[in-house]
Protein chains: 2
Amino acid sequence: MGKLDFAPIADTTRRAEIVALLRRAILTGQLKPGQKLNELRIAEQMRVSRAPLREAMRELVQEGLLTSIPYAGTFVVDVTAKDIDDAYSLNKVLDEFAIELTWPLRDQRFFEELDRRHEAVKQATRDLDTTRQIETALQLHGLIHEWADNSVMLETWQRLASRLQMYFALHQRARKEPVPAEDIHEIYVRLLKGTDMRAAQRHAREHIDLDFEELLAYARSLEQRDSKGADPDRPGLTRNRPESS
Amino acid sequence: MGKLDFAPIADTTRRAEIVALLRRAILTGQLKPGQKLNELRIAEQMRVSRAPLREAMRELVQEGLLTSIPYAGTFVVDVTAKDIDDAYSLNKVLDEFAIELTWPLRDQRFFEELDRRHEAVKQATRDLDTTRQIETALQLHGLIHEWADNSVMLETWQRLASRLQMYFALHQRARKEPVPAEDIHEIYVRLLKGTDMRAAQRHAREHIDLDFEELLAYARSLEQRDSKGADPDRPGLTRNRPESS
DNA sequence: TCTTGTTAGATTGTCGACAACCTGCTTTTC
DNA sequence: GAAAAGCAGGTTGTCGACAATCTAACAAGA
């Protein structure tokens, strides 16, 4: 028998492609938080029927990127400072656990992949491509979760990462200034290659601290001028929450 | 202005009801792991069109209770011993964190709710209603997550709890023997009311240990006779994995 | 006998149209 | 003039039918 094992072929349903398109639009900020998604308009633009579009939207609702209010519409999730804070603190706990699981599993391939992703971040930084920089930084960060060999945690991380990417993209887009040119991940990578697990865990916390504190401050400042509002395409306050009986 | 605030009315879409029905069927074991869901048949039984049914199924796929293979079908997730182990270890970490967050927020209402849920478990035990016993035990356990005031963690816990409930229901259903009559949650509740947080965290780990070890052993024993198979309505091995590009 | 090509049946994916519902404006009534 | 009733207009939820794809059985050829 041939010893090659082929990778499973990609699934080619419209639904899957729509999910990818919408997710990308949300994560890059083309679709802004609170904005309403008009099914008819989007379906026409994508040259697709509403059925697969709606199914795709249900997926993203469960993924936490959209919220749905029956008979009113589906909206991009609204980001509050507390959401970011919650995601941040849970992320710390997950990271600590991921490092613990990954630690004994580190091997040559791990270190190579670590360097590869680190390099991708540096490349994006050189290119001044902020969107890609966020994306690659999260991928670098996600390696320990992928390597930990715990499917439930990986899934949890991916959900978290989606939202984190959205938050950061929003932030970067707001302050127009260019990205920090220094390599803030240098120490993180070196510690993951080292022998002191506790040190790596400790740094993971503090390193993220830096990014997050700034993000949080920005989110809180937005919260202030919330009463001004009156944006079109905004969900009418909290009106009807999906039940999880 | 009136100071009453009313609870949001339940959303009355068919989709939501279908989700609830299907979830219940999976969690109680009416739909068995690996089983295929025939859309036409289910739609007819529920007197509903396929559109809302399919949307409901997409939600449950994202919730982790179903898996979908394009053009092949949607199946109840297959439970491996490793899945249970993964969920178990993540659950430990989450619990520890939840107790930490909840600890300073405990008040009279918390203790009352704790007792209420504890009582519900004892009632279900008296009734010899194993399904309800699992459900109430998880609700008791989930209180610390609901109280922690961290929306992201709560969401994570709910996803985890769904799967745990499914695992336990499967287990209970397999071994026909009646449920342990003693109150194994007595110590847990008392510790949550006490003053020693570390002790509560420690116990949470070990208390769950007991239940899980048995569950794991059962799952592993199932794994052995996996080659025998040949069940109808089974997904044809790993054929095509949904991508998360 | 084994492999390959074909075909029929069943199931999933997608479409266009209709019904239910919400929103804002107009009309009516006091 | 103000509040209630009623009427479009548009959007979401649902339906039934068609197209694309998979599975399994069968036939043809080596």
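Note that the coordinates shown come from a computational prediction; the quantities given were computed from them, not determined experimentally. Naming convention: chains lettered A, B, ... in sequence-line order (proteins, then strands); numbering from 1 in each chain.
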Grab the [atom1]-[atom2] distance between [X] and [N] for me, whole Å please.
| X | N | atom1 | atom2 | value |
| --- | --- | --- | --- | --- |
| A:Leu40 | D:dG9 | CG | P | 17 Å |
| A:Asn38 | D:dG10 | CG | C1' | 9 Å |
| B:Arg41 | C:dA10 | CZ | P | 12 Å |
| B:Glu39 | C:dT11 | CD | C1' | 8 Å |
| A:Leu37 | D:dT12 | CG | C1' | 13 Å |
| B:Ile69 | C:dT11 | CD1 | P | 16 Å |
| B:Leu53 | D:dG13 | CG | P | 16 Å |
| A:Glu17 | C:dG13 | CD | P | 14 Å |

Are B:Arg14 and B:Glu55 ion-paired here, with the side-chain N under 4.0 Å from a carboxylate O?
-> no
So what does B:Ile18 touch, heavy atoms closer than 4.0 Å: a base, only the sugar-phosphate, or nothing?
-> nothing
B:Leu27 side, atom CG; B:Gln165 side, atom CD - distance, nearest 0.5 Å | 4.5 Å
Which distance, rounded to the nearest 0.5 Å, do you find between the CE of B:Met166 and the CD1 of B:Ile84?
-> 9.0 Å
Do B:Gln123 and B:Asp127 have side-chain N/O donor and acceptor atoms under 3.5 Å apart?
->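 A donor-acceptor contact under 3.5 Å links the two side chains.
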Would you say the side chains of A:His145 and A:Asn150 form a donor-acceptor pair under 3.5 Å?
->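 On atom types as modelled, these side chains do not qualify, holding no pair under 3.5 Å.
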How about A:Arg163 and A:Asp83: do any of their side-chain heavy atoms sit closer than 4.5 Å?
-> no
Atom pairs under 3.5 Å: protein N/O with N/O of nucleotides 14-20 of chain C:
residue : atom : partner : partner atom : Å
C:dT14  : OP1  : A:Arg14 : N            : 2.5
C:dT14  : O3'  : A:Arg14 : NE           : 3.3
C:dC15  : OP2  : A:Ser49 : N            : 2.7

